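Beneath this line is the structure, given in structure tokens, with notes to follow.
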Amino acid sequence: SDAKVMVGLQTISLANQRLTSLFGLGVQPGLRALFLQGNFLAHLDHFEVQPQLRELHLQGNKLGSMRGMPPQPHLERLWVADNPLTSHPDFKA
């Protein structure tokens, strides 16, 4: 089942937690910043639209692409350094 929805929650830090999946995160309507750096994420399957998300920290994972992540309507800042996808010839910072 999905994580409990917490309407007033604006920041979630799951940095350095050895995560391999985002299954169960669910939709957090008030979420503005999500810290997922330093995990073992190789894909973004199960990542749902976070309607208020502004910042997403994904640096230091195992991501080869952003496949699996639906468009985030308000995303302003995305950090992906130190992931395999950054060495792809078409990658632009």
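In this text the structure is predicted, and so the values were computed from the model without any measurement. Computation of the quantities below employed the complete heavy-atom set of this structure, encompassing side-chain atoms and omitting hydrogens, waters and symmetry-equivalent molecules.
- For the pair G68 and D45, the tightest heavy-atom approach, listed with the atom from each and the gap, is CA-OD1, 3.8 Å.
- Put simply, the residue from L22, T11, L58, L25 that forms a side-chain contact (heavy atoms from CB on, under 4.5 Å) with L34 is L25.
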Stepwise side chain to side chain contact (heavy atoms under 4.5 Å, CB included) check, Q72 with L78: CA-CA 11 Å; Q72 302 296 315; L78 173 65; over 6 Å; no
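- Considering every non-hydrogen atom in both E48 and G26, the closest pair reads OE2-CA, 3.7 Å.
- When the options D82, T20, N39 are evaluated for a side-chain contact (heavy atoms from CB on, under 4.5 Å) with N61, the one that passes is N39.
- Using a 30° and 60° split on the angle between ring planes, F35 and H57 fall in the parallel class, below 30°.
- The shortest non-hydrogen separation linking Q59 to N83 is CA-ND2, 3.8 Å.
- The shortest distance between side-chain heavy atoms of L19 and L41 falls below 4.5 Å.
- Among all heavy-atom pairs drawn from Q52 and P29, the shortest one is CG-O, 3.2 Å.
- A chain of hydrophobic side-chain contacts below 4.5 Å, direct or via other Ile, Leu, Val, Met, Phe, Trp or Tyr residues, connects L75 to I12.
- Residues P73 and Q50 approach most closely at CD-O, 4.4 Å, considering heavy atoms.
- Following chains of ILVMFWY side-chain contacts shorter than 4.5 Å, one cannot reach F47 starting from F40, and the two form parts of different hydrophobic clusters.
- The two atoms that bring G64 and P84 nearest to each other are CA-CB, 4.3 Å, heavy atoms only.
- With M69 as the partner, the side-chain contact (heavy atoms from CB on, under 4.5 Å) test is satisfied by one option alone out of L56, V49, L63: L56.
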